[in-house]
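Worksheet: the structure to be examined is printed underneath.
In the text below, chain A, chain B and the rest are named by the order of the sequence lines, each starting its count at 1.
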Protein chains: 2
Amino acid sequence: MNQKIDQFDKKILQLLQEDARMSHAEIGRKVHLSQPAVSERIKRLESNRVIRGYRAEINPKALGYDITAMIRVSTQQGRPYADYVANCPEIIDCYTVTGEDGAVMRVLATDVDHLQRIINELNAFGSTSTAIVLTTHVSGKSIAVPNVD
Amino acid sequence: MNQKIDQFDKKILQLLQEDARMSHAEIGRKVHLSQPAVSERIKRLESNRVIRGYRAEINPKALGYDITAMIRVSTQQGRPYADYVANCPEIIDCYTVTGEDGAVMRVLATDVDHLQRIINELNAFGSTSTAIVLTTHVSGKSIAVPNVD
DNA sequence: GTTGAAATAAAAAACAA
DNA sequence: TTGTTTTTTATTTCAAC
């Protein structure tokens, strides 16, 4: 099940993180491998769950989401929130973390009224602390593969 | 530059967020549109920057990153961190937010020593507060397109 | 928006190191 | 096992409508 990631895999993963729709032939040209060899390696990386999937990255503003917020929820002895989070379309990321804040979430809202409604819902799970995102410096940066030299 | 997103675009964006490598012909079958019509719409969504790009989603654990942490940095009157953040491979997400925490970051580390080194570096920009991620409930959930009915 | 032809890419097969 | 080239199938691009 586990595999060792060699320099070819490392480069392939870098390229697919930058452009998931790059053709296997073009990847092959860049890494100096034939198209079937690249396809074979990608298939193995997929079945080993090194590659989890391929996602189009959408601009939230273009869809009317003018506000991104980070909401921390102190969830100690609160009711379970996993199902709620999974089904709430505004919650894009949600992590259970150590410390007094049980959960950290990234949410999208169309306007402040919308954000208020989301916060009201989340208050059912614990006290919340909301910070509005002013600048997104990086979001979903490519993961660097540790050196295998 | 701006465009109205109709029900076809909405479905196309949903499908590409789930699987960015789905063929345009298959998308066409699902939305009941010809393949060139789908390609045309996708090209428009790309050039209007509704679609920002296509990314392979990589499993950090598979690459040796056993720890994910949320680090908050109180950066008031601190030195600028945008360049550092852009070039630090362990910082995957970084947001400047309102409130006393100037910045919220998601970082990957191979082990606690590695995490400690990252925190030490970040302390140059302000006092830090670190919470280790115990569970990732959702990360990069598909953005729902608001109704256009 | 559609169909249909040409170019390109992916998958399958046969085989070499 | 991991790679190569060749062949077949699928997809994308580019007309013309």
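Note that the NE2 atom of A/His24 and the NZ atom of A/Lys43 stand 9.5 Å from one another [nearest 0.5 Å]. B/Glu90 contributes atom CD, which lies 11.5 Å from atom CD1 of B/Ile119 (distance to the nearest 0.5 angstrom). Taking CG of A/Asn59 as the reference point, atom CG of B/Leu45 lies at 11.5 Å (rounded to 0.5 Å).
Linking Ile, Leu, Val, Met, Phe, Trp and Tyr residues whenever their side-chain heavy atoms come within less than 4.5 Å leaves B/Ile92 and B/Tyr81 in two separate clusters. B/Val104 and A/Ile118 fall into different hydrophobic clusters, where Ile, Leu, Val, Met, Phe, Trp and Tyr residues are linked whenever their side-chain heavy atoms come under 4.5 Å apart, directly or through other members. In this structure, A/Ile51 is a member of the same hydrophobic cluster as A/Ile27, with clusters built from ILVMFWY side-chain heavy atoms closer than 4.5 Å.
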Sort me out a list of protein N/O and nucleotides 1-3 of chain D N/O pairs below 3.5 Å, or just none if empty.
| unit_1 | atom_1 | unit_2 | atom_2 | d |
| --- | --- | --- | --- | --- |
| D/dG3 | OP1 | A/Arg41 | NE | 2.8 |
| D/dG3 | OP1 | A/Arg41 | NH2 | 2.3 |
| D/dG3 | OP2 | A/Arg41 | NE | 3.4 |

Would you tabulate the pairs of protein nitrogen or oxygen atoms and nucleotide nitrogen or oxygen atoms of nucleotides 11-13 of chain D closer than 3.5 angstrom?
| unit_1 | atom_1 | unit_2 | atom_2 | d |
| --- | --- | --- | --- | --- |
| D/dT12 | OP1 | A/Arg21 | NH2 | 3.0 |
| D/dT12 | OP1 | B/His24 | N | 3.4 |
| D/dT12 | OP2 | B/His24 | N | 2.9 |

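With ring centers used as reference points, B/His32 lies 6.0 Å or more from B/Phe8. In this structure, B/Tyr54 has its ring center no closer than 6.0 Å to that of A/Tyr54.
Atom CD1 of A/Ile42 and atom P of C/dA12 are 14 Å apart (whole Å). Here the C1' atom of nucleotide D/dT5 and the NE2 atom of A/His32 are 19 Å apart, to the nearest Å.
Ion pairing between B/Arg41 and B/Asp6 holds under the 4.0 Å rule for side-chain N and carboxylate O. For B/Arg44 and B/Asp9, the salt-bridge test passes: some basic side-chain N is under 4.0 Å from an acidic carboxylate O.
For the helix from C/dG1-D/dC17 to C/dA17-D/dT1, the terminal axes (five pairs an end, C1' atoms, rotation from four pairs onto the next four) enclose an angle of 30°, given to 10 degrees.
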